[in-house]
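Labels below follow one simple rule: chain letters A, B, ... track the order of the sequence lines, proteins then strands, and each chain is numbered from 1.
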Amino acid sequence: MFALVDCDNCFVSCERVFRPDLEGKPVVVLSNNDGCVVARSNEAKALGIKEGTPYFKLADEFPGVKIEALSSNYTLYGDMSARVMATIRMHAPKVEVYSIDEAFCDLTGMERTTDLKLWGEQLAARIRQWVGMPVSIGIGPTRTLAKLASRYAKLYRGYNKCCVIDSDEKRRKALAGMDAARVWGIGARTDAKLRYNGCRTALDFADKPQGWVRMLFPLPVENTWRELNGISCIKTDEIAEKKSICTSRSFPEMVADRETLRTHVSNYASRCAAKLRRQHSVCNILTVFITTNPFREDLEWYSNAINVTLGTASASTVELVSAAGQALDRIFRDGLKYKRAGVIVSGIVPDNAVQLDLFGTDENTRRRLNLVSKAADDVNRRWGTETVVLAAQQYPSDPVTGMSPHFKDVILHNMRTPCYTTNLHDIIGVSSD
DNA sequence: TCTGGGGTCCTAGGACCC
DNA sequence: TCTGGGGTCCTAGGACCC
């Protein structure tokens, strides 16, 4: 048996722990630059606010409705997530963190000795009490069925935060009451094809013969079919090293100037290098992409990307920033207004298995570059991210303040709450009056 | 005016080999 | 007139997830 522990409206719930005044109100959390709705409270969902709605459209679509909007605070969400996961680990033998707000538990062997329904209810209550996070738990013989069960736990209070599918009768009942589109692994395309073939509910799909599924759909869909029929075959790998790493941003204002764009791209490359080092990896390939605003039909649209192959695999900030700058020059076009840029690193291998190149960076230089990266990582760990950066990452100084802003300062987040749990200056004050 | 960011896996088709 | 048979590797794009 597997359990899925899923935080309820995760980002909104994180905020509400420190802002109890937001309980019972429609609350949304926005993406970077306060662009789109990425999380909604139940009240916001009930109003009909869709995920992905541009924030600026909310006022038009819901005139006169008071909607609490917050900028995203990923430092807070990451820390709250870590607390939830730590609590789960204390109560389950094998935990696979699947995303910032979900974890699977492999309960193999527990079903004989434990009342799983009670176990789930107690775990949910404990996470709520210790962390303040409401969670819903689904339990079933496959991960897909556990996920489906967690939806029922969210949907109906009667389950007391935990729904268990542990018999064929319960399985069929759960599948019959769920649209196929809601099933993990069934997206819009597959759902359209299923409907065309007469399958509306998850049960319609699960009851089709396996040969039919195999003939019409790719392998992942067939695996989902197996899982719905109680045959576990989808794994989630925990703590696997990433095979590609991307850092990208949209800009609050469009960027026409090559040097500003270069500074942005330098920062993204630097972030990718730091992420690589954190997982003890190096990359062979670096990709830079830039795009203009796809929503502006009055302006010329341009989007391009280019790969650079590194002579020797690297996670050096100096080397990656340099490669990114050269790549940018090959795709940059003058006279356009850019809206978004990013850096992707791939061809990732462990940093202790680097294939050297006869004509690449020599051993001595590599050693020195690694020392520079390590020194910067040490300083930044102690004094805060990006305390030390390359000159290429600095934006021109502000003529009034003389300050040189970098990376973290160029994204809009006008409604951001404090970092209550990770910054001593932001710690919450309590008055005894 | 204003529209996010980060991943994975599979598959078909091209280019190449004998 | 008539155009084989069997492989591998790589990549772009699709589909999906959060």
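Closest to the Trp184(A) side chain, of the nucleotides dC17(C), dC16(C), dT3(B), is dC17(C).
Phosphate contact (OP1/OP2 of dT1(B), side-chain N/O of Arg296(A), threshold under 4.0 Å): absent. In this model, the phosphate group of dC16(C) is approached by a side-chain N or O of Thr190(A) to a distance below 4.0 Å at OP1 or OP2. For dT3(B), the OP1/OP2 oxygens have no side-chain nitrogen or oxygen of Ser250(A) closer than 4.0 Å. The side chain of Ser248(A) places no N or O atom within less than 4.0 Å of a non-bridging phosphate oxygen (OP1 or OP2) of dG4(B). Residue Lys193(A) places no side-chain N or O under 4.0 Å from the OP1 or OP2 atom of dC16(C). Residue Arg340(A) places none of its side-chain N or O atoms closer than 4.0 Å to OP1 or OP2 of dT3(B). One finds no side-chain N or O of Lys339(A) lying less than 4.0 angstrom from the OP1 or OP2 phosphate oxygen of dC2(B).
Geometrically, Lys193(A) engages Phe217(A) in a cation-pi contact, judged by NZ or CZ lying under 6.0 Å from the ring centre and within 45° of the ring axis.
Separating the NZ atom of Lys235(A) from the C1' atom of dT8(B) is a distance of 16 Å, rounded to the nearest angstrom. Distance, Glu241(A) CD to dG7(B) P: 14 Å, rounded to whole Å. Rounded to an integer number of Å, the gap from CG of Asn33(A) to C1' of dT3(B) is 10 Å. One can place CD1 of Ile348(A) at 14 Å from P of dG6(B), the figure rounded to the nearest angstrom. Nucleotide dG7(B) holds its P atom 9 Å from the CD1 atom of Ile344(A), rounded to whole Å. Between Phe11(A) atom CZ and dG6(B) atom P there is a gap of 13 Å when expressed in whole angstrom units.
Only the P atoms considered, dT3(B) is 25 Å distant from dC18(C), to the nearest whole Å.
Using a 4.5 Å heavy-atom cutoff, the side chains of Ser248(A) and Tyr268(A) are not in contact.
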